Engineer: 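Encoded as structure tokens, here's the structure I'll be asking about.
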Amino acid sequence: MKKRFCSVLLSCVIALSAFAGLAGCSPREETLRIYNWGDYIDEDLIGEFESWYKEETGKNITVEYDTFETNEDMIMRIEVLKSDYDLVCPSDYMAERMIENGLAQKVDRSIFDMTEEGFLYDGLAEMVSPFDPGNEYFVPYVWGTFGIMYDTDYAEPGSDEMKTWSALWSEEHRKKILMKDSVRDAYSVAQIYSNREKLSYLSDGFTDYNEAYRAELVSYFSEISMSQIKSAQNALVKQKSLLYKYEVDSGKADMLAGTTQGRLGLFWSCDSGLIMLESTGDHFYYEVPKEGSNVWVDGWIIPKYAGNKKAAEYFLKFINTYDDEYDFAMRNFDYMGSSMASKAVMDDARAAFDEDDGTDEESIFYGREKWFKQMFIDMMFPSDEILARCAVMRDFGKKWSTELDSMWIDVKTL
């Protein structure tokens, strides 16, 4: 895999300025409107899709591309404002909400079919099946875990202190901690932290991630009550005075710059990978804490209000193409530093990583310590042992989502 040199600081809104002037100028059937997370595509592919679409269909297409920071920002545009986007990229629990509430359209398998055996990377189909059992609406795109990433100039690589969520509540790290300004992620971590003693008991001191432990962990991501919300709120209020700041995307720049107070925090593995690709040297380490964590899947949904469903389906075909003629999916993997849904991409990437001895200057392992390679591979290709202590988020429903939003406002304003 080759190292990417473009700066994360310049890619917060991908290609937006290039496309902003085109908005509303092209006929709707010649326009594809995409709403995606920041840093979630190789921007060169956007222009290439326009040419590829012309070859495939004989028709012109112009892509209008916009980005969001949280699932909650995205759903506001779709559910409340009824915005005319052709593709959005929600996380698993938000995709479930969209499907259940009739906000998603089925994908036409005659244009793009991801249901063929061997298309999805190992285990992804099982993660998605609880909310889209027929693989009719949700097309997995990127997946990973969340955990603690820290600066190795601040703490030793593989430090036991960073193997636990308690690090994000430690007085030792006062004003050096970054916390996600995302209600579901913050709530989930607080829930696990608040129940760490019970989880330790069930797993024999985090040595046996058995069925009883798994059932308890899964419940934190799928069940909710006012007592659980209150417990998480108390933990988050306690944590607040220790934080450097809440953030969604700015923490990447903070960690890369090394000139702010931020030294550790809650990070998605995809952002950790991006930071590591952008950095030089061995400055960062990623850890899935022993108490348990989240394994997430972000994927594409064609919203109810989409004005160009056909172009959306062709884009799904394009972004997942990886064959002898086109390597769009692999190029996207190289760019993003994230675990991808495509089994073919992941299998070839893993083989390349295993064979990479770090002697090529273009290698992501060039000039780095030996521990970096294994840590990076564990992050990109989580082992069964790591996944055994991770669970998928489920939608809590509108009532509880409202309660969580209220809790989060209270935490940030108290």
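FYI, the numbering just counts along the sequence from 1. Here the structure is a predicted model, which is why all the values come from computation and not from measurement.
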Engineer: Determine whether a donor-acceptor pair (N or O, by modelled atom type, separation under 3.5 Å) exists between the side chain of R263 and the backbone of L178.
Structural biologist: no
Engineer: Tell me if the aromatic rings of Y322 and F333 count as close, with their centers under 6.0 Å from one another.
Structural biologist: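 Centroid distance Y322-F333: not below 6.0 Å, so no.
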Engineer: I'd like to check the side-chain hydrogen bond (donor to acceptor under 3.5 Å, both in side chains) partners of D185; sequence neighbours left out, ordered by chain and number.
Structural biologist: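 Counting only residues at least two positions away or on another chain, D185 forms a side-chain hydrogen bond (donor to acceptor under 3.5 Å, both in side chains) with S182, W268.
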Engineer: With no hydrogens and no angle check, do the side chains of T164 and E291 hold a donor and an acceptor under 3.5 Å apart?
Structural biologist: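 A donor-acceptor contact under 3.5 Å links the two side chains.
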Engineer: Taking side chain to side chain contact (heavy atoms under 4.5 Å, CB included) as the test, write out the residues that go with S406, two or more places apart.
Structural biologist: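 Side chain to side chain contact (heavy atoms under 4.5 Å, CB included) list for S406, sorted by chain: D410.
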Engineer: Any idea which heavy atoms bring M114 and V139 closest together, and the distance?
Structural biologist: SD-CA, 3.7 Å
Engineer: With a 6.0 Å cut-off (strictly less than), is the heavy-atom count around CD of E48, excluding the residue itself, greater than 12?
Structural biologist: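 Yes, enclosed.
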Engineer: With a cut-off of under 6.0 Å to the ring centre and 45° to the axis, is R196 in cation-pi contact with Y193?
Structural biologist: yes
Engineer: Should we count NZ of K59 as having more than 12 external heavy atoms under 6.0 Å?
Structural biologist: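 No, the 6.0 Å shell around NZ holds no more than 12 heavy atoms from other groups.
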Engineer: Can a side-chain donor-acceptor contact be found between D298 and S91 if the only test is distance below 3.5 angstrom?
Structural biologist: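 Result is yes, a qualifying pair exists.
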Engineer: Run the ring-ring contact (aromatic ring centres under 6.0 Å, His included) test against Y213 and tell me which residues pass, sequence neighbours left out.
Structural biologist: Y209
Engineer: For Y141 and N332, test the side chains for any donor-to-acceptor distance below 3.5 angstrom and give the result as yes or no.
Structural biologist: yes
Engineer: Closer than 4.0 angstrom, basic N to acidic O: yes or no for K245 and D254?
Structural biologist: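 Yes, charged N to carboxylate O under 4.0 Å.
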Engineer: Just by distance, no angles: are the side chains of Y335 and E43 close enough, under 3.5 Å, to form a donor-acceptor pair?
Structural biologist: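 Distance-only check passes for Y335 and E43.
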Engineer: Verify, without hydrogens or angle tests, whether W165 (side chain) and G292 (backbone) share a donor-acceptor contact under 3.5 angstrom.
Structural biologist: yes
Engineer: Would you say the side-chain atoms of Y201 and E197 include a donor-acceptor pair closer than 3.5 Å?
Structural biologist: no
Engineer: For Y154, which residues count as a ring-ring contact (aromatic ring centres under 6.0 Å, His included) partner, sequence neighbours excluded?
Structural biologist: H173
Engineer: Consider ring-ring contact (aromatic ring centres under 6.0 Å, His included). Of Y326, F315, F328, Y314, which one does F49 pass it with?
Structural biologist: F315
Engineer: Determine whether V295 and P382 make a side-chain contact, defined as any pair of heavy atoms from C-beta on separated by less than 4.5 Å.
Structural biologist: no
Engineer: Going by salt bridge (Lys or Arg N to Asp or Glu O under 4.0 Å), name the pairs with one or both residues in residues 311-326, residues two or more places apart or in two chains.
Structural biologist: E56-K317, K309-E313
Engineer: Any idea which heavy atoms bring F318 and L45 closest together, and the distance?
Structural biologist: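 Heavy-atom minimum between the residues: CZ-O, 3.5 Å.
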Engineer: Verify, without hydrogens or angle tests, whether S293 (side chain) and C390 (backbone) share a donor-acceptor contact under 3.5 angstrom.
Structural biologist: no
Engineer: Verify the distance criterion only: is there a donor paired with an acceptor across the side chains of Y286 and T145 at less than 3.5 Å?
Structural biologist: yes
Engineer: Do R77 and F68 meet the cation-pi criteria used here (NZ or CZ under 6.0 Å from the six-membered ring centre, within 45° of the axis)?
Structural biologist: no
Engineer: Is atom CD of E385 surrounded by more than 12 heavy atoms (other residues, nucleotides or ligands) closer than 6.0 Å?
Structural biologist: yes
Engineer: Distance alone, cut at 3.5 Å: any donor-acceptor contact between the side chains of Q191 and Y187?
Structural biologist: yes
Engineer: Do the side chain of N294 and the main chain of V392 share a donor and acceptor less than 3.5 angstrom apart?
Structural biologist: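 Answer holds: no.
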Engineer: Between N60 and E30, is there a donor-acceptor pair closer than 3.5 Å when you use the side chain of the first and the backbone of the second?
Structural biologist: no
Engineer: Could you pull out all residues at least two apart from W408 that satisfy side-chain hydrogen bond (donor to acceptor under 3.5 Å, both in side chains)?
Structural biologist: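 side-chain hydrogen bond (donor to acceptor under 3.5 Å, both in side chains) list for W408, sorted by chain: D181.
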Engineer: Can E79 and R97 be counted as an ion pair, charged N to O under 4.0 angstrom?
Structural biologist: yes
Engineer: Tell me if a side-chain donor or acceptor on S170 pairs with a main-chain N or O of A167 at a distance below 3.5 Å.
Structural biologist: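 No, S170 side chain to A167 backbone: no donor-acceptor pair under 3.5 Å.
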Engineer: Donor-acceptor pair, distance only, cut-off 3.5 Å: does the side chain of N320 make one with the backbone of L316?
Structural biologist: yes
Engineer: Checking K370 against F365: charged group under 6.0 Å from the ring centre and within 45 degrees of the axis?
Structural biologist: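 Output no; distance or angle outside limits.
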Engineer: Within a strict 4.5 Å, meaning less than it, do heavy atoms of the S279 and R368 side chains meet?
Structural biologist: yes
Engineer: Do the side-chain N and O atoms of S363 and D356 include a donor-acceptor pair separated by under 3.5 angstrom?
Structural biologist: yes
Engineer: Is there a donor-acceptor pair under 3.5 Å between the side chain of E247 and the backbone N or O of K180?
Structural biologist: no
Engineer: Can you name the closest pair of heavy atoms from W37 and C89 and give their distance?
Structural biologist: NE1-O, 2.7 Å
Engineer: Side chain of D84, backbone of G307: donor and acceptor closer than 3.5 Å?
Structural biologist: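 Yes, the answer is positive, given that a donor and an acceptor are paired below the 3.5 Å cut-off.
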